[in-house]
Structure formats: structure tokens, C-alpha cells
Amino acid sequence: KLESCGGTPHDSSFLHTHLASHGFVVVAPLHDCDRRAAGGPPPPTLGATCYSNAQSLYFPEISALRLGDVTAALDDVLSLSADGDSILRNLVDADRVGVGGFSYGGLTAIQAMEADQRFRAGLLLASAATVVPGPLPDPARVARATMFMHGEWDHNVTLASTWSFFEKIPAQAPDRWFIDIHRAGHFFTNQCGPGLGGLPSCAQIRQQSEVGAIVKRWATPFLKTQVAQDGAYASLTEPDFDSPHFDSPSEVTVIKTSTAAPAELLPTPMQVSRSQGTAPSPTPVATRGTVILADDLASPSGNLSESSAGSS
């Protein structure tokens, strides 16, 4: 799982720990691409230098270094698993490997799928696949299952820009998902951060805990199905999954495009303005105490299960 430019693996620990509880070995490399590309000493704040360099002549080198990190990390983990490492021994299956990333990390994840055929699928959170200067990934080269998740009110990487990439993926490509999270901003991390120009503010957008719950609800069955090849989770990836506790239309718009099918139209997103306050939360459809998706942490690999009326 790859972070934004200047980010750290700790930024998305909510997702890393959740996926690990479901049997995944989660590898989150720490990129120091901005320091290496600039050729100088470590800056006081990685993020500020990274974004500055991303707008300059360093961008191609930054992208290449990040991609090299991904390849090296996967090579090392596979080697440790095969060579009897005390922690990773026989835990990593080279035929069941996926890649994911947030923002700049989402860009790197797409580039990694283009360059390395070992990745079976990609989870792309607010992917900056179309908005940064320099060489960008080509949607025509997408040849793996992908799930794009995007905040409706993302002002760093707009919903429309990511949709323009998604709808250009060839019809013959594997199944792909586009999930528009309503009233969400750019940050798919533990903590909220303001968008470009301070818009929208954290007070205006969906709470980070709610964004995290939606990400886990969709990412888990997608990765279980497409990477772990566990067909038991397939029904949970369907937009019309028949459940009384399915995500309300006020929460997300889910579009799945199957192989050989044309992309659907993305509904017009709700607009946010500087004067707009916090949007009211929808009334929950489930009764208090209802378990929608339960983690069975007693299982060695963890299990995701639907419960129609069980109480916690």
C-alpha cells in the first residue's frame, strides 16, 4: 500500500491493520524520493519538499524512484517468505499479490501494474493518475482488475479527472469499479486534511471514521476476490448486493463495469461552496446494535461476514 507524496505508512494504519486482520500480508514502503531526487540532505518536512519537487524538473525522477521502491519491496518480501524468515516464512504467495495507493501513491500503483505483471489487481484511492506534471499512466494499458475510490468533494484531485481516466479503460479490460463517496474530500487516511486552498474544510466533509468504514467495506471483498481468489466474497462487490444493510444511495455511488461492457455515466456530484456548512448525515437504516460486516478475529486469517439481524 503506497502513500501520498511525503506521506508515511502510518497515515493509513486504519486500512493496513484491517487488511492484515483478514489474512493479507501488508507491505507499506516508506518513500524518501523527494530527498534523493533533490540530491540534498533530508528536509525538515518531507511533504513540503516533495510537493515542491513534484511541480518541477524532479518529478520524473521522483516517480521512477517510487516505482523502484515498489519492485524492491515486493522482491524482498517474496524472498523473505521463501527463505524461511522468522516472521514471513511461507506467508506470501507470489501468485496472489495486489497493489494499492492513495493520491500520488495511487498514481504509483497504476504505474506498478503497468510495469510488473505480478500484481493481480489495484486499489486506487483518490488516485492522482491525471493531474501531476510529467509522464502519466495510460488507461489503455490497464490490464488488471481495478477499484477506484474517490471523494465527491475532492479539490486536490477532482472526481471528474479520475472518472476521465476510468472511462478510457478499454472495454476488454478486466472488471473495474468506481466508487464515489458522497461528501468526502481528498484524504483516505487516518486524519482529515484540508483540500487545496482550504476547500473543503474538515468541518464540511464526511467524518474520517465514516470514510474509513466505507473504504474497508468495499476494499476488503474486492481484494479478497481479485487478489486472494476467494469467490466467497464476490457477491459483496456487486453494486446491487441484496441486503437490508447495503450502503444507502446517500452514502456512495457504486459503478461496476464488467469486461466487454461500456462504462456507465457518473451522476453529477453535489457541489460544495465556501459558505456551505456540514451536510446532514442520513438516518441509519439499520437498528441499533446491528452487525453489518463482522471481523472474526478468532480465525487465523480473519473472516468478513454479513449478518442480517445479529446484534453486537
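None of the values given here were measured: they were computed from a predicted structure.
Contact between P221 and L236 at its shortest, heavy atoms only, is CB-CB, 3.6 Å. Closest non-hydrogen pair, W218 versus V252, comes out as NE1-CG2, 4.4 Å. Taking all atoms of both residues into account, the shortest heavy-atom contact from V227 to R96 is O-CB, 3.2 Å. Residues P29 and K1 share a closest heavy-atom pair of CD-O, 3.9 Å. The two atoms that bring M113 and A121 nearest to each other are SD-C, 3.7 Å, heavy atoms only. Minimum interatomic distance between M149 and V215 (heavy atoms only, all atoms of both residues): CE-O, 3.6 Å.
Proximity of L15 to K216: side-chain heavy atoms (C-beta onward) are separated by under 4.5 Å at one or more points. Using a 4.5 Å cut-off on side-chain heavy atoms (C-beta onward), V99 and V97 make no contact. With a 4.5 Å cut-off on side-chain heavy atoms, T108 and V70 count as touching.
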Could you go step by step and tell me if F165 and L136 meet the side chain to side chain contact (heavy atoms under 4.5 Å, CB included) rule?
CA-CA 11 Å; F165 184 96; L136 293 172; over 6 Å; no
Assess the residue pair H31 and L2 against the criterion (side chain to side chain contact (heavy atoms under 4.5 Å, CB included)); give the C-alpha distance rounded to whole Å, side-chain angles, the decisive distance to 0.1 Å, and a yes or no.
CA-CA 9 Å; H31 302 289; L2 313 173; 4.0 Å; yes
One pair to check against side chain to side chain contact (heavy atoms under 4.5 Å, CB included): I205 and F187. What are the steps and the verdict?
CA-CA 10 Å; I205 60 179; F187 288 86; over 6 Å; no
Which is it for F148 and I110 under the side chain to side chain contact (heavy atoms under 4.5 Å, CB included) test, yes or no, and what are the steps along the way?
CA-CA 11 Å; F148 291 78; I110 297 177; 4.3 Å; yes
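Other residues, nucleotides and ligands contribute only 12 or fewer heavy atoms inside 6.0 Å of the CD atom of Q207.
In this view, F178 and W163, F166 satisfy the ring-ring contact (aromatic ring centres under 6.0 Å, His included) rule, not counting sequence neighbours. A search for salt bridge (charged side-chain N to carboxylate O under 4.0 Å, His left out) contacts involving D116 returns R118, not counting sequence neighbours. Scanning for salt bridge (charged side-chain N to carboxylate O under 4.0 Å, His left out) contacts around D11 gives an empty result, with sequence neighbours left out. For R141, the salt bridge (charged side-chain N to carboxylate O under 4.0 Å, His left out) test picks out E114, with sequence neighbours left out. Residues passing the side chain to side chain contact (heavy atoms under 4.5 Å, CB included) test with D85, sequence neighbours excluded: L80, I87, L88. K256 meets the salt bridge (charged side-chain N to carboxylate O under 4.0 Å, His left out) test with D175, E238; sequence neighbours excluded.
With hydrogens and angles left out, the side-chain atoms of T220 and H22 include no donor and acceptor closer than 3.5 Å. Using modelled atom types and a 3.5 Å distance limit, the side chains of H150 and D180 yield no donor-acceptor pair.
Between the CZ atom of F188 and the CG atom of L124 there is a distance of 11.0 Å, given to the nearest 0.5 Å. Within the model, atoms NE2 of H16 and CG of L19 stand 8.0 Å from one another, a figure rounded to the nearest 0.5 Å. The distance from the OG atom of S12 to the CZ atom of F102 is 7.0 Å, given to the nearest 0.5 Å. Between atom OG1 of residue T8 and atom CG of residue L30 there is a gap of 7.0 Å, rounded to the nearest 0.5 Å. For the atom pair R217 CZ and T237 OG1, the distance stands at 8.5 Å (nearest 0.5 Å). Rounding to the nearest 0.5 Å places CG of L74 at 9.0 Å from CG of D76.
In this structure, S161 contributes its side chain and V157 its backbone to no donor-acceptor pair below 3.5 Å. Within the 3.5 Å criterion, the main-chain N or O of V77 finds no donor-acceptor partner in the side chain of S81. No donor-acceptor pair closer than 3.5 Å links the side chain of Q226 to the backbone N or O of L223. Between the side chain of T162 and the backbone N or O of L159, no donor-acceptor pair lies under 3.5 Å. Proximity of a side-chain donor or acceptor of S103 to a complementary backbone N or O of S4 within less than 3.5 Å is not detected. With R183 contributing its side chain and I181 its backbone, the two residues share no donor-acceptor pair below 3.5 Å. Put simply, the side chain of Q208 never gets that close to the backbone of N190: no donor and acceptor are under 3.5 Å apart. Of the possible polar contacts, none joining the R89 side chain to the D83 backbone as a donor-acceptor pair under 3.5 Å is found. Looking only at distances, a side-chain donor or acceptor of R120 sits under 3.5 Å from a matching main-chain atom of D95.
By the criterion of side-chain heavy atoms lying less than 4.5 angstrom apart, applied directly or through intervening Ile, Leu, Val, Met, Phe, Trp or Tyr residues, L78 is grouped together with F119 in one hydrophobic cluster.
Taking the six-membered ring for Trp, F222 and W177 have ring centres closer than 6.0 Å.
The existence of a salt bridge linking R206 and E251 is confirmed by a sub-4.0 Å separation between a basic side-chain nitrogen and an acidic carboxylate oxygen.
The cationic group of R66 lies under 6.0 Å from the six-membered ring centre of Y104 and within 45° of the ring axis, placing it in a cation-pi geometry.
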